[in-house]
Amino acid sequence: MAIAARGPSTADVVRQHLQGRRIDYKGALFQAAILVALLLSLVILFVLISQVVRGGIEVFQERGFDFLRGRLTVVSASIAGVGQGIAGSLLLMAFVVLAAFPAGIGAAVYLQEYAPDTKLNRFVNVNIRNLAGVPSIVYGILGLVIFVQVLGPLTGGKTVMAGGLTLAVLVLPIVILTTMEALRAVPGSIREAGFGVGATRWEVIRSHVLPAAAPGILTGTVLSISRAIGETAPLLLVGATTGLLATGGSGFFESLRGGYTALPVIVYRWTSLPNEDFRALTSAAIIVLLLLTLSTNAIAIILRNRYERKW
Amino acid sequence: MAAIGAPTGAMDLRGDARRRRKETRIRRVFQGAAVFSVIVSVLIVASLLGRALFFLSKVDLSALWIPSRGWYPRRGVFDIPTIVMGTLVVSGIGMLVAAPLGLGAAIYLSEYAKPRVRRILKPILEILAGVPSVVLGFFAITWIIPNVVQTIWPEAGFFNMMGAGIAVGILITPLVASVAEDSLRSVPGALREASYGMGARKRTTTMKIVVPAAVSGIMASLILGLSRAIGETMIVAIAAGASGGSAFKINPLEPGQTMTAAMTALAIGSDQVRGQEGTFESLFFVGLVLFFITLVLNIVSERFVRRVRKKY
């Protein structure tokens with residue numbers, strides 16, 4: 001034992017011979033470089049948020065929740081607020097939830113559970129993938145032609161309804177794709193067990209496949225809401241620039257056919273103003289917008305991480 | 001051994017007629033929803049095509065391709081290379097930012113990060129994906145251009161394509177990272193172990209074994225990012241600086257006009273100004289060009305992704 005006490009231990013000798021004598025400088029450098037790439041992205045996020053909060057927090061300190069109710073104006077910064085924008089964005093979300101979710105989940109159920117593997121169905125699949133990659137401003141053109149002009153008598157032109165339907169069509173492919181992925185993750189044995197005891201396809205889907213896929217579907221839908229809240233470009237084409245939401249006087253359904261604005265559109269309009277007073281207001285509006293989109297995004301990620309199930 | 005009855009056949013297992021009718025009805029409803037998605041794409045092409053053709057019939061076709069004349073729709077000058085070049089400059093800068101950041105982050109998360117670190121860092125990166133583009137546009141003019149672009153190039157103006165391009169790069173970094181990470185993680189562990197067994201180091205294994213094995217997915221992530229960068233609208237509309245029209249520009253430190261920014265300018269101005277005939281319709285033509293460019297890129301990236309899926 002005296003030998004071992006004097007020299008390095010056997011394990012050390014073996015490790016040294018396996019690794020070689022040189023320290024892996026290049027390897028360490030490479031690891032540092034890619035770590036920097038990752039951290040840089042995170043630092044940018046941090047800078048962005050701190051920048052916006054620093055610029056906008058004073059508006060909340062001075063005016064408190066009055067800013068959330070304030071009017072939509074580009075004339076006077078002291079009375080301007082995002083009340084109209086929040087109301088408009090919530091109404092738009094209602095359209096997305098009511099129109100895009102049933103259609104999207106239904107389409108996904110058909111494509112994943114019913115559709116035979118034919119050329120046509122494969123084409124539909126590819127088609128939906130491509131729809132998800134179409135730039136959002138092109139959906140704005142679709143909304144302008146279809147919902148504003150062709151369906152004008154129904155929607156009343158550049159109205160909340162036209163904007164909401166445009167956003168619904170925009171997120172539809174995202175809802176379909178995420179729902180299909182969630183359905184695909186449900187193992188076939190569960191379906192076969194259902195068929196084995198005599199259930200029809202719909203019964204299997206309703207009481208086994210959909211409940212098992214629900215967390216995944218929920219994640220996809222929440223993510224698509226977050227996307228829709230922050231979407232600006234298509235709304236510029238379908239009228240969110242001009243209007244004020246009609247409040248009071250007319251009924252709820254009439255107001256759906258009135259002008260509107262949305263939170264990200266307000267941010268865009270205030271950003272383009274040369275007036276310095278509006279800098280702080282823009283930051284404050286962005287704080288509200290980020291709270292909405294990032295919290296919905298975070299909810300979706302948490303949902304997925306918590307309920308993600310490996311079968 | 002007299003027969004008790006007819007042998008049980010498939011017909012007996014089909015259930016009663018009412019139940020079958022209900023099944024068919026439900027199936028039809030779902031099918032209708034799927035058909036609706038196809039209708040949407042037909043409507044996109046139709047709504048673009050009609051007015052785009054009208055535009056082409058109204059303008060002199062030779063006016064669409066005279067380099068260095070610029071893009072001034074209100075004056076009837078529709079030089080397509082001007083806005084295509086603007087788009088290329090901005091999305092090229094975006095890719096120069098997003099490719100190293102996104103791929104670096106993907107390799108670190110997939111190969112180097114300990115599970116606990118990954119569980120914390122990846123959601124944060126995914127949150128970055130949720131930042132609306134209009135916010136990044138604001139960030140571009142209030143922080144990126146004054147603090148980054150003008151520090152490195154003092155001659156740069158308040159609006160420029162460089163700032164817009166960097167912001168676009170930040171926007172698409174999470175997308176590139178997440179698609180690339182998926183494909184890196186789908187490389188089987190056995191390949192890594194074989195490489196370590198041969199005595200290779202971590203970096204050698206990563207760069208010579210894992211990355212080449214996932215190269216299709218990495219290509220797909222870059223093409224998808226490029227397609228997103230080309231279609232990005234709000235950042236360039238805010239930060240690239242050309243509101244109505246622009247001359248032909250290549251220097252990224254100058255303001256320039258991209259296809260998407262040109263469309264926004266037309267969309268916003270359309271209510272107030274009626275320029276000469278075809279001005280507003282040029283919006284549809286540019287939209288159609290944009291649609292086909294991104295369509296081709298998406299199809300190509302889809303091909304690459306499918307190659308990865310087939311292999312493993």
Side-chain angles (χ1 to χ4, degrees), chain A residues 24 26-27 30-31 33-35 37-38 40-42 44-45 47-48 51 103 106-107 109-111 114 124 127-131 133-138 141-142 145-146 169 172-173 176 200-202 226 230 232-233 236-237 241-242 264 267-268 271-272 282 286 289-290 293-294 297-298 301, chain B residues 15 19 23 26-27 29-31 33-34 36-38 40-41 43-44 47-48 100-101 104-105 107-109 112 121 123-128 130-135 137-139 142-143 170 173 201-203 227 231 233-234 238 260 263-264 267-268 271 284 287 290-291 294-295 298-299 302:
Chain A
D24 187 11
K26 277 187 186 166
F30 175 74
Q31 185 171 356
I34 58 176
L35 182 61
L38 175 63
L40 202 55
S41 319
L42 304 181
I44 291 167
L45 179 69
V47 171
L48 188 153
Q51 184 79 2
V109 167
Y110 179 79
L111 291 172
Y114 285 97
V124 173
N127 183 44
I128 289 169
R129 260 168 225 291
N130 287 327
L131 275 184
V134 171
S136 60
I137 192 161
V138 174
I141 293 187
L142 167 85
V145 173
I146 304 298
V169 171
L172 185 65
I176 297 178
T200 61
R201 193 167 278 274
W202 167 239
S226 156
T232 321
L236 296 178
L237 280 155
T241 40
T242 47
V267 171
Y268 173 58
T271 301
S272 9
T282 315
I286 288 177
L289 179 63
L290 280 181
T293 54
L294 295 191
N297 224 12
I301 293 165
Chain B
R19 213 164 149 213
E23 273 301 300
I26 288 167
R27 185 195 164 94
V29 170
F30 287 141
Q31 195 168 20
F36 182 71
S37 77
V38 180
V40 167
S41 21
L43 286 180
I44 287 182
S47 53
L48 288 168
L101 287 189
I107 294 174
Y108 189 85
L109 284 177
Y112 283 83
L121 290 187
I124 300 180
L125 198 63
E126 285 173 321
I127 285 179
L128 186 61
V131 175
S133 60
V134 69
V135 174
F138 176 80
F139 187 58
T142 56
W143 196 81
I170 294 169
T173 296
R201 287 176 167 147
K202 184 99 189 168
R203 181 179 69 101
S227 150
T233 307
M234 296 321 295
I238 292 171
T260 50
M263 289 168 74
T264 341
I268 295 172
D271 292 329
F284 297 86
L290 188 66
F291 175 75
T294 52
L295 184 69
N298 291 333
I299 290 174
E302 178 73 11

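Below, read A as the first sequence line, B as the second, and so on, with proteins coming before strands; counting in each chain starts at 1.
Looking at B:Pro123, the atoms closer than 4.5 Å to chain A (heavy atoms on both sides) sit in the backbone and in the side chain alike. Of the atoms belonging to A:Leu48, heavy atoms from both backbone and side chain fall under 4.5 Å from chain B. Only the side chain of B:Thr294 has a heavy atom closer than 4.5 Å to any heavy atom of chain A. Heavy atoms closer than 4.5 Å to chain A are found in both the backbone and the side chain of B:Thr260. Using a 4.5 Å cut-off between heavy atoms, A:Ile146 contacts chain B through its side chain alone, with no backbone atom that close. The part of A:Leu40 that comes within reach of chain B is its side chain, from C-beta onward, which places non-hydrogen atoms under 4.5 angstrom from that chain. With a 4.5 Å cut-off on non-hydrogen atoms, B:Leu125 touches chain A through its backbone and its side chain both. The contact between A:Gln51 and chain B is made entirely by side chain atoms (from C-beta outward), counting heavy-atom distances below 4.5 Å.
In this structure, B:Met234 and A:Leu236 have side chains that are in contact, with non-hydrogen atoms separated by less than 4.5 Å. In this structure, B:Pro132 and A:Leu290 have side chains that are in contact, with non-hydrogen atoms separated by less than 4.5 Å.
Between B:Ser37 and A:Asn127, the closest heavy-atom pair is O-ND2, 3.9 Å. Pairing each heavy atom of B:Arg203 with each of A:Phe30, the nearest pair is CD-CB, 3.4 Å. In plain terms, the two heavy atoms of A:Ala103 and B:Ala33 that are nearest each other are O-CB, 3.4 Å. Taking all atoms of both residues into account, the shortest heavy-atom contact from A:Tyr110 to B:Ala34 is CD2-CB, 3.7 Å. Here the shortest heavy-atom pairing between B:Thr233 and B:Gly231 reads OG1-O, 3.2 Å. Between B:Glu302 and A:Arg129, the closest heavy-atom pair is OE2-CD, 2.9 Å.
Ranked by heavy-atom pairs under 4.5 Å with chain B, the first of A:Ile176, A:Leu42, A:Val267, A:Ile128 is A:Leu42. Between chain B and the options A:Leu237, A:Leu294, A:Leu38, heavy-atom pairs under 4.5 Å are most frequent for A:Leu38. Residue with the most contacts toward chain A among B:Leu43, B:Val29, B:Ile170, B:Ile107: B:Leu43 (heavy-atom pairs, distance under 4.5 Å). Counting heavy-atom pairs under 4.5 Å between each of A:Leu289, A:Val138, A:Thr232 and chain B puts A:Thr232 at the top. When each of A:Thr282, A:Leu111, A:Leu172, A:Val169 is checked for heavy-atom pairs under 4.5 Å with chain B, A:Thr282 comes out on top. Highest contact tally toward chain B, considering only A:Ser136, A:Ala33, A:Ala37, is held by A:Ala37 [criterion: heavy-atom pairs under 4.5 Å].
For A:Tyr114, the ring-ring contact (aromatic ring centres under 6.0 Å, His included) criterion is met by B:Phe30, not counting sequence neighbours.
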